[in-house]
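Contents: one structure, followed by commentary.
In what follows, chains are A, B, ... by sequence order, proteins preceding strands, each numbered from 1.
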Amino acid sequence: MKPRVRFAPSPTGYLHIGGARTALFNWLYARHTGGTFVLRIEDTDVARNTQEAVDAILSGLRWLGLNWDEGPLTGAATGPAKGDRGPYFQSQRRENYQRRVEALLSRDLAYEKEGAIWFRMTRQPILIPDLVVGDVLRRLTDREELDPDWVLVRRDGQPVFHFVNVVDDLEMGITHVIRGEDHLSNTAKHIALFRAFGVEPPQYGHIPLILNPEGSKMSKRDRGAALDAYIAQGFLPEAVNNYLCLLGWSPKDNTEKLPLAEVVARFDLPQILRHNAKFDYEKLMWLQGEYCRELPEDRFYEMSVRALAKAGMNTDRFDVRYVKAALDTCKGKIKTFGELPAYGGFYFKDEIAYDPEAAQKSFVPESKPRLEKLRDAFAKLTVFDAATIETTLKATTAGLGVKVGVLVHPTRLAVTGNPNGPSLYHLLEVIGKEKVLERINRALAAFPPAV
RNA sequence: GACCCUAUGGUCUAGCGGUUAGGACACCUCCCUUUCACGGAGGUAGCCCGGGUUCGAGUCCCGGUAGGGUCGCCA
């Protein structure tokens, strides 16, 4: 029988990186084994559920490319879904829970107390066979020693997580439960419930947690915790996926950068690590840079244009060849697309704002006549390409008896407003002689007067 | 507090009784480039502690310690 796995988030916040990693591991296992990946929305906490959170889960998974074989097609709880084990929103599965409660009640495996319905929990230690951790014998804690029973249905009629989770896994035919290790202790409750229903529990695989750099569970205030931040900052899903694969799983051969398709082929539960991993934003950023640098041109352009538009820069008013040439000088230099407006925005702006700190260093009285000399040399050029520009600039500095940097820095600042950026000679070529002269003149006017 | 999981450089990890303990990120130095990146060459830095087992333990066992998780009418 082919494995059936699921990702069952509760829509109470944003999709966080730990949830995304759990989804990814389930998806990988399904794809590796030819099994089925189910998405189920656990919206039983009516007080904390939000529609935005549901939408964020669906769009986040789609952005990562983690397509589900069964589950909702839209964020609407009563909307369309694919798969024949639905509904896939727990809020739409009330009758199932009711039926299951009654079954337990009728066999005295559950009872009512103080308006809630309680499960008669075994006092015996429960063996949790775990595909990742190994066999775990869970004993009662001292608190449970007093009374191991636990609530199935709250006084307000709402069934609790442990109950609905088990009922749904049972009815949806889930064969492997791959989830965070924070559920390991609670698995004893789940196993006992499955047995109460007369069925053997699914197989479990508890994966290690993702910790923040301080060493505790990632929370929303931690940098890098929210998936939508990556989307907003112009990360690439392949980079995020790749990094997430490396947190808690290892290809065992020192490979760091590997495409998802290869992970699908190599992924399996036994190679999942047993210890928690701290989230390393820098390493994710490194992978992001790697993937960004290798992006095919058309995708790079497409994402660049979108990032610029988001920052209010409309590239449509420029010639396509100009846009492409401009973006070419940025490719391989930026890591995320969120950096692009600040890095290469000068290509698409009319007014250049000078970096104040750099202006103080470069726009000094003694460099004014030098920059004027360069401007005059540029003005005489009939060919304005990178090579000619470089030769001209170097000849000018040589004539002045100064280092190349003496002209490079003020020129860059005058034309781009930034202390650094794409190759100066190439960016000047792209911008074109006319605009370059214009910008140099404008900068010259901004120079402080000589004393 | 009880129960459970875990323990290799700052971080992610390889290792599965005999290795000069390997790789990656980060960091430092140099080269390339008089921007910033990329790239190249070096470098600093590690087996939590204590007992066993063994001719020999990062590797196996036990005990500490430390970190994490769980003990809700949250999920």
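- Ring centers of A:Y291 and A:F235: at least 6.0 Å apart, outside the cut-off.
- Between A:H275 and B:C12 there is no side-chain N or O to OP1 or OP2 distance below 4.0 Å.
- In this structure, the CG atom of A:N212 is 14 Å from the C1' atom of B:G69, given to the nearest Å.
- Heavy atoms of A:E144 sit under 4.0 angstrom from primed sugar atoms or phosphate atoms, though from no base atom.
- Side chain of A:V136, nearest nucleotide from B:A75, B:G23, B:C5: B:C5.
- The nearest whole Å value for the distance from the CG atom in A:L393 to the C1' atom in B:U33 is 14 Å.
- Rounded to a whole angstrom, the distance from the C1' atom of B:U8 to that of B:G15 is 9 Å.
- Remark: the A:Y301 side chain and the A:D328 side chain contain an N/O donor-acceptor pair separated by less than 3.5 Å.
- When the side-chain nitrogen and oxygen atoms of A:R179 are compared with OP1 and OP2 of B:A75, none of them lie within a distance under 4.0 Å.
- Between A:T388 and A:L381 there is a side-chain heavy-atom pair separated by less than 4.5 Å.
- When A:R40, A:R94, A:R100 are each tested for a salt bridge (Lys or Arg N to Asp or Glu O under 4.0 Å) with A:D168, only one passes: A:R40.
- Ring geometry, A:F197 versus A:F163: the interplanar angle falls from 30° to 60°, so the pair is classed tilted.
- Across B:U54 and B:A14, the matching C1' atoms stand 25 Å from one another, rounded to whole Å.
- Of all nucleotides listed (B:G68, B:C38, B:C3), B:C3 comes nearest to the side chain of A:R139.
- B:C30 takes the anti form, because its glycosidic angle lies more than 90° either side of 0.
- Neither OP1 nor OP2 of B:C3 sits under 4.0 Å from any side-chain N or O of A:R143.
- Residue-level contact check: A:L273 touches the backbone only, with heavy atoms under 4.0 Å from sugar-phosphate atoms and none from bases.
- Here, B:G58 and B:C49 have their C1' atoms 14 Å apart, quoted to the whole Å.
- The only member of A:L247, A:N241, A:L64 that meets side chain to side chain contact (heavy atoms under 4.5 Å, CB included) when paired with A:L24 is A:N241.
- Nucleotides B:C47 and B:A7 have their P atoms positioned 16 Å apart, rounded to a whole Å.
- Take the nearest nucleotide of RNA chain B for A:L137 and for A:P9: the residue whose nucleotide is more 5' is A:L137.
- Here B:A75 presents its C1' atom at 14 Å from CG of A:D168, a figure rounded to the nearest Å.
- Across all strands shown, A:G248 has heavy atoms under 4.0 Å from sugar-phosphate atoms exclusively, and none from any base.
- Annotation: the span from A:F337 atom CZ to A:L295 atom CG amounts to 5.0 Å, rounded to 0.5 Å.
- Nucleotides B:U13 and B:A26, compared at atom C1', are 14 Å apart to the nearest Å.
- Contacts with RNA chain B (heavy atom under 4.0 Å) in residues 292-301 of chain A: A:R293, listed by number.
- Between A:K283 and B:A24, a side-chain N or O to OP1/OP2 separation shorter than 4.0 Å is absent.
- Heavy atoms of A:P208 sit nowhere under 4.0 angstrom from any nucleic acid atom.
- At a threshold of 4.0 angstrom between heavy atoms, the contacts of A:A277 are confined to the sugar-phosphate backbone, with no base atom among them.
- Among the protein residues, A:G421 comes within range of the nucleic acid bases, having at least one heavy atom under 4.0 Å from a base atom.
- Aromatic ring orientation, A:Y230 versus A:F279: tilted (interplanar angle from 30° to 60°).
- Judged as a side chain to side chain donor-acceptor pair (under 3.5 Å), and not counting sequence neighbours, A:D228 has no contacts.
- Comparing the same atom, P, in B:G63 and in B:C4 gives a spacing of 12 Å after rounding to whole Å.
- A donor-acceptor contact under 3.5 angstrom links the side chains of A:R179 and A:T187, judged on distance only.
- The distance from atom OH of A:Y97 to atom P of B:A75 is 11 Å, rounded to the nearest whole Å.
- Here A:K257 does not reach the OP1 or OP2 of B:C25: none of its side-chain N or O atoms lies under 4.0 Å away.
- Remark: A:T255 is not in phosphate contact with B:A24, judged by side-chain N or O atoms under 4.0 Å from OP1 or OP2.
- Residue A:K394 places its side chain closer to B:U34 than to any other of B:U34, B:A24, B:G15.
- Note on A:N186: a base of the nucleic acid sits closer than 4.0 angstrom, heavy atoms only.
- A distance of about 15 Å separates the C1' atoms of B:A45 and B:G23, rounded to the whole Å.
- Within 4.0 Å of A:Y343, counting heavy atoms only, lies at least one base atom of the nucleic acid.
- Phosphate proximity of B:U6 to A:K278: absent, as no side-chain N or O sits under 4.0 Å from OP1 or OP2.
- In this structure, A:E145 reaches neither bases nor backbone, as no heavy-atom distance under 4.0 Å exists between it and the strands shown.
- Within the 4.0 angstrom heavy-atom criterion, no nucleotide atom of any strand lies near A:H206.
- Checking the phosphate oxygens (OP1, OP2) of B:A14, a side-chain nitrogen or oxygen of A:S250 falls inside 4.0 Å.
- Nucleic acid contact for A:V408: none, since no nucleic acid atom lies under 4.0 Å from a heavy atom of the residue.
- Residue contacts shown for A:T12 are absent, as no nucleic acid heavy atom lies under 4.0 Å away.
- Side-chain contact between A:D149 and A:F119 is absent, with no heavy-atom pair separated by less than 4.5 Å.
- For A:D45, the side-chain atoms get nearest to B:A75 when compared with the rest of B:A75, B:G69, B:A14.
- Distance A:Y243 OH to B:C12 C1': 6 Å, rounded to the nearest Å.
- When rounded to the nearest whole Å, the span between CD of A:Q288 and P of B:A24 equals 21 Å.
- At a threshold of 4.0 angstrom between heavy atoms, the contacts of A:R155 include nucleobase atoms, whether or not backbone atoms are also involved.
- Under the 6.0 Å cut-off for aromatic ring centres, A:F7 and A:F37 do not qualify, their centroids lying 6.0 Å or more apart.
- Residues from residues 46-55 of chain A placing a heavy atom under 4.0 Å of any atom in RNA chain B, listed by number, are A:R48.
- If you check every strand for non-hydrogen atoms under 4.0 Å, A:K403 touches a base.
- With P as the reference atom, B:U11 and B:G46 are 12 Å apart, rounded to whole Å.
- Ring-plane geometry between A:H162 and A:H190 is classed as tilted, the angle between the planes lying from 30 to 60 degrees on a 0 to 90 degree scale.
- Under a cutoff of 6.0 Å and an axis angle of 45°, A:K433 and A:F378 do not form a cation-pi pair.
- Taking 4.0 angstrom as the limit, A:K333 places none of its side-chain polar atoms (N or O) nearer than this to OP1 or OP2 of B:C38.
- Taking 4.0 angstrom as the limit, A:R274 places none of its side-chain polar atoms (N or O) nearer than this to OP1 or OP2 of B:C4.
- The distance between atom CG of A:D156 and atom P of B:C73, rounded to the nearest whole Å, is 12 Å.
- B:U70 atom C1' lies 11 Å from atom CG of A:L209, rounded to whole Å.
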